[in-house]
Amino acid sequence: MHGRRTLGDHLVLAAVVLLAAIWVAPIAWIVGLSFKPNDELMRSTGHLLSPPFTLKNYADILGASSVFAWMLNSAVVAVGQTVLTLAVASAAGYGFARTSFPGKPVLFALTLAAFAVPEQAIIVPLHTLFAEADLHNTYAALILPRLAFPFGVLLMTQYFKAIPAEIEEAALLDNASRFKVFWRIALPLSLPAQATLGIYTFLHAWNDYFWPLVSATKPEMYTLTVGLASMQTNFAQTEGIGFLMAQAVFAGLPVLVLYLFFQRHIVTAVAGGAAK
Amino acid sequence: MSGAADVLAPGAAARPVAAASAAGVGRPSLLNLLFVLPYVMLMLGLVAVPVGFGLWLSFQDYDMLGGWNGSVGLANYVNLLSDRIFQGAVRNTLLFVAMTVPAFVGLGLFLALALNDGLRRSAVLRSVFFGSSVLSVTVVTLIWRLVYMPERGLLGTVLGAFGLPEVNLVADERLALLSVVIVTLWWIIGLPMTLFLAALQQIPREIYEAAALDNAGRARTLWSITLPSLKRTILLVAVIEAILQFQIFGQVLLITGGGPNNASRPVVQFIYEAGFRDWQLGFAAAASQVLFLLMLLAALGQLWLGRRQDRG
Amino acid sequence: MATRLGKGVLAAMAAGLAALASPAGAQPKTEITLARFFGSCEADYGTNTDLSRARGECGVITTLVNKFNAENKEGITVKPQVIEWGPYYQQLTSRIAARDIPAIAVMHTAQIGDFIRARIVEPVDADLKAAGIEPSEFTPNARNGVTVDGKVYALPWDTHSWLWHINVGLFKQAGLVDEAGEPRIPKTVDEMLAQAAQMREKTGKPYAVMATTGSGDTANGARSFYSWLYDQGGSIFPGGFDKADLRTPEALASFSVFEKLAQANAITKGLDQSGAIGTFMNGGAAVWFTGTWRIDDMLAAAAKPGSPLAEGYTVRVFPSLFTKESVWTDNHSWVLLRGGSAKPEVRKAAQTFLKFMWDNNLAWSRAGHLPARAAVLDEYAKLPLRQYVVGIPQIGRSLPHEARRQFGFQAMIGEEIVSVINAGKTAQAAADAAQERSEPLLRGR
């Protein structure tokens, strides 16, 4: 592992750096576009580094764009879904891993089966059911369908099983209730798994597209994904490329900053799903 | 623990339930049911019921606006099988999975191996490759539509700078699907890369030291130590990506719209159009069942492959 | 039954999540929702109420709503809900299915039949009467568009049609103008191809530009297809509306025009709407296949100093390349959706708004479309370039309301044409595929 740098090493490094350039270039490109006047972009996008530059596209967002409202909706949905998923999946995971109750094998088998159901394949019946219940265009409709998350339950079940049972046994002998043991002892020990599941869920909710597309049909209930998509189909007919790119930058920036801030934790947490 | 890898292998996951200590599990109690009750309600109401309802719908003539119009037996399925757009959608989806899953495994593994050291440079590069995963699909497609845009796009500009002719990936029947593959890789390569990095950290250092004593070359170490240790993770990444990529939708709808000549329309887009454009919910539900079946077959195939390799 | 159990479970969960339910507080003033496309341009016209400053479809419609909200005395607020044009009808359907029904929606009259059959759009005779709008004020073309079985189902808003937008400068360079400096318009497919060859030789530019890759762009191919089909007296429903025939000699000839244009490299490939506009505005192609709605936008662009269109910009009705003079037309119209304005005060407000819109029909037609109001036609004809398009109602054709799934047909035919242009599909293969795809479209009710 500590050998001298070989030609192979240099080639690998060159390939990785080249790839990194491919990863960064599109983002740099649209950031550049967002500072150019729309009129000029209509003619050419070839002079990104020479004037004129403008801040108008960003000023216009503050004045007129619905991006703020969409971001708020996305944040409510993503945070709400993450918190509730963690609560539901932790409790169920603990129940399956540590307790015994009638019907457990059947319910666990059902969970495994539910894990195999692709979420996009039940959108049509879900949409009809929510329409019958008159629930579309609410946060509840945006959050509920993704709360039944068998993957999360299985992940938590595995994690709780891996925690040595002796700690809990001592507490149980002291006549602590099951719930108290869960709340006071097991839950704090499961924080790494919570982080993994939480970040998965958050990113999943933040990026979800099909369900919000058909459920949040009122423009004021749009999430960021649906709202931005509604603008991009004919950007020439709207305010132009620069404005659209400014909105993309504006919509992407908060999560990107958040990510850079917490990146060490996020990467560890995501990896937590694979190994500990 | 081996976490998600076990989660994805039902047999392995079910085993420890019986193995757990008796005291840990305790006496059966109805009260304990409360732990799983919220989840069970959600699962029944939002997975089991829709699955059943969807199956029923697939045998009905159900118009989104006009409502239920009686059962049609197998007609939806018969029509589906003879529908060339649907056949194309199935082909595109399979092709897409066949292109992306190996690419995610290969590129993810390559990046993980190349960046698995303590150098600051590697840390920066890791965040570069993971960073795009936090962007939402619409931001990603906005960016890439501008990259692919003819004449004024980044791709054309870069190719032009090298004196190369412009290629219009999005409008070319043979390349449209590839254009979506590239976007998808760019978007979420971070997850497989990170999973591989985590797995690499798990390989005990002693094994490498032993190999070094044996004067094993780098290539041989990689081939006979690193890769075998990563087998489970490779399977995990392949399964996760297959599940995700079978359900591809947003990128295609927003970049190619399924065209040209139906060369990139995936099954989920077909479902969306049959249901929400053509109002034929029964037909859309039948297409959903086919997607379900395809994914089940693919997952079983992968697990079977994984098991066989485990044994071998 | 699965639904009932589902409903019960869902209702219980919804109660549990009541705290998260969206705020839907009652407004003190009357608010009516207006679903529309035409784009959003809040940044440029967000607060503008000056109609003379508004340009293009988006500018005019945004300004009209602002003006109404600022000036009406009844305390009505119209809340526009802008949906992009490509997925507009999918979204509208989803909204109706989700019981989120806008009070007023813009609708193409080609679409209205399906929505009437689904009992979503209801007659507005009584509303027009209450608002003081006489259907006799409609132009005959507009009246046809909104009338089904003697009942009026919408307030017509315009007649729009399909044009050639022409860069006269390029025509001059290619030597394709007459003594008066006006572009010579081809009368047959061969003449057009000959012009295209000459254009390529003299200027290096493609003859035609048309958007083909965006989600709404399939309509472009379909509108051209229908126009050429009607130029031959053809129809896609020669034997009644239960079966389409997309392989008649006329239909095949229509597909072939695109095949020939593509083979001669005379039409741009792989451009989306933004790319097509950019190409035309930058002088990158001689003729842009698009509609009446771009006239004002292009006049504005050509007037800018240094514009490649400064040498001359003009329009012509999509020229006949066959035996008859005919062209595809459609109308935008305002419908009241069932359940969208159930409350009497909302209904009343909707009527007031419709009246305001009707009174400002001329302002809308400044964007390019022909007005739906007969009384302002003369005024319209005086606007720039409109002398070339005022004759459209006499030669315009559209499918009758009995023809089902017109939007599905438009998307499907357009998609096949996109394949001909971008993927080199043959006209015959496109016609065969279109024929096959027409069957599931008509399978539903």
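Chain letters run A, B, ... following the sequence lines, proteins first and then strands; every chain starts at 1.
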Trainee: Do B:Tyr39 and A:Thr111 have side chains that approach each other closer than 4.5 Å (heavy atoms only, starting at C-beta)?
Mentor: yes

Trainee: To check you understand the geometry: which heavy-atom pair defines the closest contact between B:Leu57 and B:Ala285, and what is its length?
Mentor: CB-CB, 3.7 Å

Trainee: Please flag which part of B:Ile143 lies under 4.5 Å from any non-hydrogen atom of chain A: side chain, backbone, both or neither.
Mentor: both

Trainee: Check each atom of A:Leu213 against the heavy atoms of chain B and say whether the ones under 4.5 Å are side chain, backbone, both or neither.
Mentor: side chain

Trainee: Between A:Glu169 and A:Arg98, is there a side-chain N and carboxylate O pair less than 4.0 Å apart?
Mentor: no

Trainee: Please verify the inter-ring angle class for A:Phe202 with A:Trp206; under 30° counts as parallel, over 60° as perpendicular, anything in between as tilted.
Mentor: parallel

Trainee: Please rank B:Leu33, B:Leu291, B:Val268 by heavy-atom pairs under 4.5 Å with chain A and give me the top one.
Mentor: B:Leu33

Trainee: Less than 4.5 Å to any heavy atom of chain B: does that hold for the side chain of A:Glu166, its backbone, both, or neither?
Mentor: neither

Trainee: Please report the C-alpha distance between B:Tyr208 and B:Thr226 in whole Å, then the side-chain angles of each, then the deciding distance to 0.1 Å, and finally whether the side-chain hydrogen bond (donor to acceptor under 3.5 Å, both in side chains) criterion is met.
Mentor: CA-CA 9 Å; B:Tyr208 286 115; B:Thr226 311; 2.9 Å; yes

Trainee: Below 4.5 Å, heavy-atom pairs only: which of B:Leu154, B:Val128, B:Leu281 has the largest tally toward chain A?
Mentor: B:Leu154

Trainee: Does any backbone or side-chain atom of A:Val153 lie under 4.5 Å from a heavy atom of chain B? Answer side chain, backbone, both or neither.
Mentor: side chain

Trainee: Measure distances from A:Ser74 to the heavy atoms of chain B and classify the residue's part below 4.5 Å as side chain, backbone, both or neither.
Mentor: neither

Trainee: Determine whether the aromatic ring centres of residues B:Trp68 and B:Trp56 are separated by less than 6.0 angstrom.
Mentor: yes

Trainee: When you look at A:Asn207 and B:Ser136, which way does the side-chain hydrogen bond (donor to acceptor under 3.5 Å, both in side chains) test go after all the steps?
Mentor: CA-CA 5 Å; A:Asn207 289 329; B:Ser136 84; 4.5 Å; no

Trainee: Is A:Leu203 in contact with chain B via its backbone, its side chain, both, or neither, using a 4.5 Å heavy-atom distance?
Mentor: side chain

Trainee: Can you say whether A:Phe182 sits under 4.5 Å from chain B via the side chain, the backbone, both, or neither, judging by heavy atoms?
Mentor: side chain

Trainee: Less than 4.5 Å to any heavy atom of chain B: does that hold for the side chain of A:Leu33, its backbone, both, or neither?
Mentor: side chain

Trainee: Once you measure the plane-to-plane angle for B:Phe276 and A:His127, does it fall in the parallel (<30°), tilted (30-60°) or perpendicular (>60°) bin?
Mentor: perpendicular

Trainee: With only heavy atoms counted, which part of A:Tyr209 is less than 4.5 Å from chain B, the side chain, the backbone, both or neither?
Mentor: side chain

Trainee: What part of A:Tyr259 gets closer than 4.5 Å to chain B, counting heavy atoms only: side chain, backbone, both or neither?
Mentor: side chain

Trainee: Taking all atoms of both residues into account, what is the closest heavy-atom pair of A:Phe160 and A:Ser90, and its distance?
Mentor: CE1-O, 3.4 Å

Trainee: Please classify the contact between A:Trp29 and chain B as side chain, backbone, both or neither, with a heavy-atom cut-off of under 4.5 Å.
Mentor: side chain

Trainee: If you tally heavy-atom pairs under 4.5 Å against chain A, which of B:Phe110, B:Phe292, B:Trp144, B:Phe246 wins?
Mentor: B:Phe292

Trainee: Taking all heavy atoms of B:Ala287 and all of B:Val267, pick out the closest pair and write down the distance.
Mentor: O-CG1, 4.2 Å

Trainee: Using non-hydrogen atoms and a 4.5 Å limit, figure out which bit of B:Leu135 sits close to chain A: side chain, backbone, both or neither.
Mentor: both

Trainee: Between B:Gly131, B:Gly275, B:Gly250, B:Ala284, which shows the greatest number of heavy-atom pairs under 4.5 Å with chain A?
Mentor: B:Gly131

